[in-house]
Amino acid sequence: MTNTDSPYIAIGMMNLAQVQRRLAQIQKQLLELGPLHPGSISEQYNVCGQAGCRCKDPKKPQKHGPYYQLSFTWQGKSSTRFLRPEQVEPMRQKVANYKRLRELMKEWVSLGVELERAERAEEKLASGH
Ligand SMILES: [Zn+2]
């Protein structure tokens, strides 16, 4: 074992032990992910129907908002949901967790491919061919 076992070694440059160590880290990180949700959060500003409202001021209109909405597509179906102010931060965290899940899954698959390569390389070394 060397002291170069950092998770930042490029895939393709790892030895078998490094791949296995990173796989274990990913599985642990996946277990530690909190609640998640797909999508993205956007801010909206609206104009109302009330006559003489500040949102329709001819010189300096001030629209109402921000209103926050979550948009996402899941299993082929697109949805948009408004978020109450107190829902915004928890939803930001869920959206970030979902993004992290996808990154970890992608890395796990890459490491699965890498593991296969590293195992073959070490077998080759061991057999002396
Ligand atoms: Zn208004």
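For the single chain, residues carry numbers from 1 onward in sequence order. Because the structure is predicted, anything quoted here is derived from the model rather than measured.
Rounding to the nearest 0.5 Å gives a distance of 9.5 Å between CG of L111 and CD of Q25. K94 contributes atom NZ, which lies 5.0 Å from atom CE of M91 (distance to the nearest 0.5 angstrom). Here the CH2 atom belonging to W74 is positioned 10.0 Å from the NE2 atom belonging to H37, to the nearest 0.5 angstrom. Note that CG of L104 and CD of E32 are 10.5 Å apart. Values are rounded to the nearest 0.5 Å. If you take CG on L23 and CD on Q20, they are separated by 7.5 Å, rounding to the nearest 0.5 Å.
Q50 pairs by the side-chain contact (heavy atoms from CB on, under 4.5 Å) definition with C48, C53, not counting sequence neighbours. The ring-ring contact (aromatic ring centres under 6.0 Å, His included) test applied to Y45 returns no partner, not counting sequence neighbours. In terms of the side-chain contact (heavy atoms from CB on, under 4.5 Å) criterion, S40 has no residue partners (sequence neighbours excluded). With sequence neighbours excluded, the residues that form a side-chain hydrogen bond (donor to acceptor under 3.5 Å, both in side chains) with S42 are Q44.
Heavy-atom contacts from other residues, nucleotides or ligands closer than 6.0 Å to NZ of K56 number more than 12.
Y67 shares a hydrophobic cluster with F82; the chain of contacts runs through ILVMFWY side chains whose heavy atoms sit under 4.5 Å apart.
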The test is side chain to side chain contact (heavy atoms under 4.5 Å, CB included); show your working for L70 and T80 and say whether it passes. CA-CA 6 Å; L70 171 74; T80 297; over 6 Å; no
Run the side chain to side chain contact (heavy atoms under 4.5 Å, CB included) test on Q69 and I41 for me, step by step, so that the C-alpha distance in whole Å, both residues' side-chain angles and the decisive distance to 0.1 Å come before the verdict. CA-CA 6 Å; Q69 66 181 33; I41 295 170; over 6 Å; no
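Cluster membership for M105 and V113, using ILVMFWY side-chain heavy atoms within less than 4.5 angstrom, is not shared. There is no path of hydrophobic side-chain contacts, each under 4.5 Å, that joins I26 to V109.
Judged by distance alone, with hydrogens and angles left aside, the side-chain atoms of E122 form no donor-acceptor pair with the main-chain N or O of E119 at under 3.5 Å. Side-chain N or O atoms of N97 include none that pairs as donor or acceptor with a backbone N or O of L33 at under 3.5 Å.
Salt-bridge check for R92 with E89: passed, with a basic side-chain N closer than 4.0 Å to an acidic carboxylate O. For E103 and R100, the salt-bridge test passes: some basic side-chain N is under 4.0 Å from an acidic carboxylate O. Using a 4.0 Å cut-off between charged nitrogen and carboxylate oxygen, R22 and E107 count as a salt-bridge pair.
Nearest heavy atom pair, residue T73 against residue G76, reads CG2-C, 4.2 Å.
Residues Q18 and R21 bring no donor and acceptor atom of their side chains to less than 3.5 Å of each other.
Side-chain atoms of Q27 and W108, non-hydrogen and from C-beta on, do get closer than 4.5 Å to each other.
Evaluation of the salt bridge (Lys or Arg N to Asp or Glu O under 4.0 Å) test over residues 62-83, restricted to residues two or more places apart or in two chains, returns none.
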